[in-house]
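Remember, predicted model here, so these are calculated numbers, not experimental data. We use all heavy atoms of the structure for the numbers below, so side chains are in, but hydrogens, waters and symmetry mates are not.
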There are 2 protein chains.
Amino acid sequence: MTQHCYDYPHPAVTTDIALFTIRDERLAVLLVRRAGEPFKGCWALPGGFVEPNECLEDGALRELAEETGVTGVYLEQLYTFGKPDRDPRERIISVAYYALAPSELLTPVAGSDAADVAWFDLDALPSLAFDHAEVIALAQQRLRAKLDYSTVAFGFMQPEFTLGELQKVYETIRGEALDKRNFRKHMLALDLLAETGTSRRVGNHRPAKLYRVAHPGAVLYIK
Amino acid sequence: MTQHCYDYPHPAVTTDIALFTIRDERLAVLLVRRAGEPFKGCWALPGGFVEPNECLEDGALRELAEETGVTGVYLEQLYTFGKPDRDPRERIISVAYYALAPSELLTPVAGSDAADVAWFDLDALPSLAFDHAEVIALAQQRLRAKLDYSTVAFGFMQPEFTLGELQKVYETIRGEALDKRNFRKHMLALDLLAETGTSRRVGNHRPAKLYRVAHPGAVLYIK
DNA sequence: TTGACATAGTGTTGTTGCAACACTATCTTG
DNA sequence: CAAGATAGTGTTGCAACAACACTATGTCAA
């Protein structure tokens with residue numbers, strides 16, 4: 001293998017991705033079981049080294065796809081972790097991202113660098129490699145904060161969804177029940193949702209109107 | 001000089017610091033004139049390569065001190081910039097920080113790597129090296145956003161300050177005048193300020209009571 | 001000494017946004 | 001056709017916020 005040499009020491013740079021979804025009305029994060037050292041056999045966030053010619057965000061998406069088979073998610077930079085001793089091998093600086101996806105669309109499969117892939121409820125995390133517990137905690141905090149002044153929650157929704165489903169997502173992330181009438185008022189007042197005209201029949205009760213995001217990618221911040 | 005070699009290519013990692021202050025009721029940022037290539041003679045944010053054994057934040061503070069002589073500022077991570085071609089020399093990933101300081105305490109002096117140091121009003125920036133214009137724009141956006149739900153503004157204040165001075169800071173960052181009575185009500189309601197008991201005589205008018213932050217470092221987020 | 005000037009300091013009121021609250025509608029299933 | 005389950009819909013009280021004007025206390029100059 002060819003060597004890559006520099007006049008000054010260079011740290012390695014990785015991306016790590018905390019991909020959240022909601023399963024069974026619980027917030028869950030996607031973890032991979034590490035196939036190699038260090039922390040072999042330990043659960044960790046998907047991620048890996050940034051390639052020389054890709055930007056950080058592309059690297060994050062590539063690693064996520066390679067290790068878990070997941071594509072097409074909402075992705076946002078979270079924080080960069082750089083304590084000198086956070087990796088026992090060498091100095092590794094990690095640019096952490098968090099991502100959101102509707103679990104229905106996802107079929108994670110273990111990739112080359114991962115022995116296994118699985119969803120974990122956030123309140124039942126296993127022991128994690130590196131400082132990944134810290135990363136996840138920060139991501140959850142950010143997610144909760146953005147719920148109030150942005151439309152991140154839409155990242156968990158399928159293309160068409162009911163107001164009841166959307167409310168469940170908000171309730172899950174905030175960890176508390178919300179008033180149905182107030183919730184609908186707020187949401188519809190944002191002028192971000194459009195009725196599809198169809199409705200979804202599920203369970204032995206009245207079908208719910210389906211909505212979609214009216215201006216996809218347009219408005220992300222509220223007010 | 002000894003070479004540092006790795007099996008895989010490693011990017012270089014730098015920190016860049018956007019240090020803001022308020023001068024003459026205008027928001028200003030500290031820039032250095034680059035002493036070396038690339039962009040020699042061009043204005044840029046202070047910053048530089050991260051040392052092998054320092055964490056990112058320490059690196060940012062060290063570079064700021066080395067290039068500008070400035071120490072003891074409020075510092076917070078902003079964003080990590082990593083487009084592959086953002087530096088013509090090699091792949092360089094920059095972890096950007098923003099910092100706040102009261103201008104009265106600062107006496108920036110050009111350091112080893114900088115030919116010159118100067119404050120620039122944000123509405124009169126020169127042409128900047130690398131993607132530093134983008135960094136500054138993002139930092140300003142973040143600063144404005146945090147003004148509403150945090151106490152970042154205190155980062156611009158001297159240890160003792162009047163409510164009038166504090167209001168001027170808010171008005172400068174938001175770019176609009178605020179109602180004096182409402183502003184004082186809000187601020188005092190936070191229970192973060194304590195009267196020093198003394199007052200400051202300046203100009204031909206009634207002296208103003210001096211305040212200090214009541215619980216330094218304690219509460220950073222409002223409600 | 002006094003009047004002009006400049007900022008410090010202080011409460012009330014109307015409005016608006018938000019939270020609390022219960023019933024009817026529509027479908028499925030037994 | 002009755003029971004059960006979620007969909008869908010308005011009003012009211014309250015609290016937070018915005019709008020608004022005058023007095024207080026100092027300096028300075030005539």
Quiz item: Going by atom types alone, do Glu160(B) and Tyr211(B) pair a side-chain donor with an acceptor below 3.5 Å?
Solution: no
Quiz item: Between the base of dA18(D) and the side chain of Arg181(B), is there any donor-acceptor pair under 3.5 Å?
Solution: no
Practice problem: For Lys209(A), report the nucleic acid contact type (base, sugar-phosphate, nothing); a contact means any heavy atom under 4.0 Å. | Solution: sugar-phosphate
Quiz item: Is the His132(A) ring parallel, tilted or perpendicular to the Phe130(A) ring (thresholds 30°, 60°)?
Solution: tilted
Quiz prompt | Residue whose nearest DNA chain D nucleotide is more 5′ - Asn182(B) or Leu210(A) | solution = Leu210(A)
Quiz item: Whole-Å distance between dG17(C) C1' and Tyr149(A) OH?
Solution: 21 Å
Quiz prompt | Arg212(B) bridged to Glu195(B) by N-O distance under 4.0 Å | solution = no
Practice problem: May I have the distance from Asp179(A) (atom CG) to dC18(C) (atom C1'), rounded to whole angstrom? | Solution: 11 Å
Self-check item: Rounded distance (Å) that lies between atom C1' of dA24(D) and atom NZ of Lys180(B)
Solution: 11 Å
Exercise. Round to the nearest Å and state the distance from Leu163(B) atom CG to dT10(C) atom C1'.
Key: 12 Å
Self-check item: Any residue of residues 198-208 of chain B with a heavy atom less than 4.0 Å from an atom of DNA chain C
Solution: Asn204(B), His205(B), Arg206(B), Pro207(B), Ala208(B)
Practice problem: Give the rounded distance in Å between these two atoms: CZ of Phe183(B) and P of dG9(C). | Solution: 13 Å
Quiz item: Would you say the side-chain atoms of Thr162(B) pair up with the backbone N or O of Ala208(B), donor to acceptor, closer than 3.5 Å?
Solution: no
Quiz prompt | Distance in angstrom units between Lys185(A) NZ and dC18(C) C1', rounded | solution = 8 Å
Quiz prompt | Atom pair distance, as rounded to whole Å: CD in Gln167(A) and C1' in dT6(D) | solution = 12 Å
Self-check item: Distance, rounded to the nearest Å, where Arg184(A) contributes CZ and dT6(D) contributes P
Solution: 13 Å
Quiz item: Would you say the side-chain atoms of Glu57(B) and Tyr97(B) include a donor-acceptor pair closer than 3.5 Å?
Solution: no
Quiz item: Is Asp123(A) salt-bridged to Arg26(A), cutoff N-O under 4.0 Å?
Solution: yes
Self-check item: Tyr79(B) and Phe81(B) aromatic centres sub-6.0 Å
Solution: yes
